There are 2 protein chains.
Amino acid sequence: MSGTNTGVPSVLAHELPHPVPAGEFAACPVGDVFRRVGDRWSMLLVILLGGRPYRYNELHRAIEGISQRMLTRTLRGLETDGLVRREVFPTVPPSVEYSLTPLGRTLLPPLSVLADWAVQHEAEINEARSRHPGARERGR
Amino acid sequence: MSGTNTGVPSVLAHELPHPVPAGEFAACPVGDVFRRVGDRWSMLLVILLGGRPYRYNELHRAIEGISQRMLTRTLRGLETDGLVRREVFPTVPPSVEYSLTPLGRTLLPPLSVLADWAVQHEAEINEARSRHPGARERGR
DNA sequence: CTGCATCCCTATTGATACTG
DNA sequence: CAGTATCAATAGGGATGCAG
């Protein structure tokens, strides 16, 4: 793993000196977090569950656009990382409740800051994009 | 100014009331930002360029692990979104310098907050992961 | 109700080779 | 030096059907 960060406040507060060892960053927890939250549904689920616990189909209906497959996979991923808790109630029919763990809840404020940035600078980004006609991926 | 909480539209500050229209979030700027920064190299480049301007091959060597293709594509994407500036010096041989735009610089603090979270909770995440043996998705 | 299995399509990423 | 072009491999994501 990357070096031992013993309570280092902010890895970005001070600028990175030199050639980033790549392994010191790409493999470091920061990249990990961005990937976990950067996929299509994780962030949305964390935010949703930040409000209150949800049942499986409740989430499925709430998001409306996510497939069962991805809902399950994303929830499992979040659960694996200790951000979401899955609780099964042996009722008939069975019901499963998903909620944020304490760790998951601590992720809300940082997420909020970035979300805040996005909202505040949305216009600038769109403006910049419209200025670059063909620059956008020529995929498809 | 764009300090932390300016009583602004922090989309997360207040909980989402009901069934998220999906389009209200998946298509909203927040999702956009997370995807841009959530890919494999964007964040690293922004952070790197946050320190000082870099030349193309300088970045290539600094990251060591990124392919020319991805370096170029990622830089183009960031440029399209107005986060990075590309400046060509008609020297011989030619040199190109990449740097953060003012907009790009405003992204640093929010990034820092999330990076900070990642560092602080790295242990908890790893612990949670090791507790879930086969939970991790296994393709094919 | 909750969710796994399967098939399939597309987007992303990389390795490699080549050019202005 | 600073890229572009091409091809191959993989991961993300969705539709559908079946099972506990």
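So you know, we letter chains A, B, ... as the sequences are listed, proteins then strands, and number each from 1. The analysis underlying the following values was restricted to heavy atoms, covering all of them including side chains, and did not include hydrogens, waters or symmetry mates. As the structure is a computational prediction, the values presented were derived from the model and not from experiment.
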Are any of A:Arg35's side-chain N or O atoms less than 4.0 Å away from OP1 or OP2 of C:dT12?
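No, A:Arg35 has no side-chain N/O under 4.0 Å of OP1/OP2 on C:dT12.
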Let me know the distance between [atom1] of [X] and [atom2] of [N], rounded to the nearest Å.
X       : N      : atom1 : atom2 : value
B:Asp39 : D:dG12 : CG    : P     : 13 Å
B:Arg76 : D:dA5  : CZ    : P     : 11 Å
A:Arg55 : C:dC1  : CZ    : C1'   : 7 Å
A:Gln68 : D:dG17 : CD    : P     : 12 Å
A:Leu71 : D:dA15 : CG    : C1'   : 15 Å
B:Leu75 : D:dG3  : CG    : C1'   : 11 Å
A:Met70 : C:dA11 : CE    : P     : 16 Å
B:Trp41 : C:dT12 : CH2   : P     : 16 Å

Just call it for B:Phe89: base, sugar-phosphate, or nothing, with non-hydrogen atoms closer than 4.0 Å on any strand.
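No contact.
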Kindly say whether B:Trp41 contributes a backbone atom to a donor-acceptor pair with the side chain of B:Asp39 at under 3.5 angstrom?
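A pair under 3.5 Å: yes.
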Which is more 5' along DNA chain C, the nucleotide nearest B:Pro94 or the one nearest A:Glu97? Just name the residue.
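Its nearest nucleotide being more 5', the pick is A:Glu97.
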Do you see a donor-acceptor pair shorter than 3.5 Å between the side chains of B:Tyr56 and B:Ser95?
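Distance-only check fails for B:Tyr56 and B:Ser95.
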I'd like to know if the side chain of A:Ser99 pairs up with that of A:Tyr54 as donor and acceptor (distance under 3.5 Å, no hydrogens or angles considered).
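Side-chain D/A pair, A:Ser99 to A:Tyr54: absent.
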Within the modelled atom types, does a donor on one side and an acceptor on the other bring the side chain of B:Arg73 and the base of C:dT12 under 3.5 Å apart?
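Side chain to base: no pair below 3.5 Å.
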I'd like to know if A:Arg40 reaches the base of D:dG13 with its side chain such that a donor and an acceptor end up less than 3.5 angstrom apart.
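Counting by modelled atom types and ignoring angles, no donor-acceptor contact under 3.5 Å is found here.
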Atom pair CD (A:Gln68) and NE2 (A:His60), whose distance is rounded to the nearest 0.5 Å
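Rounded to the nearest 0.5 Å, the CD-NE2 separation comes out at 5.0 Å.
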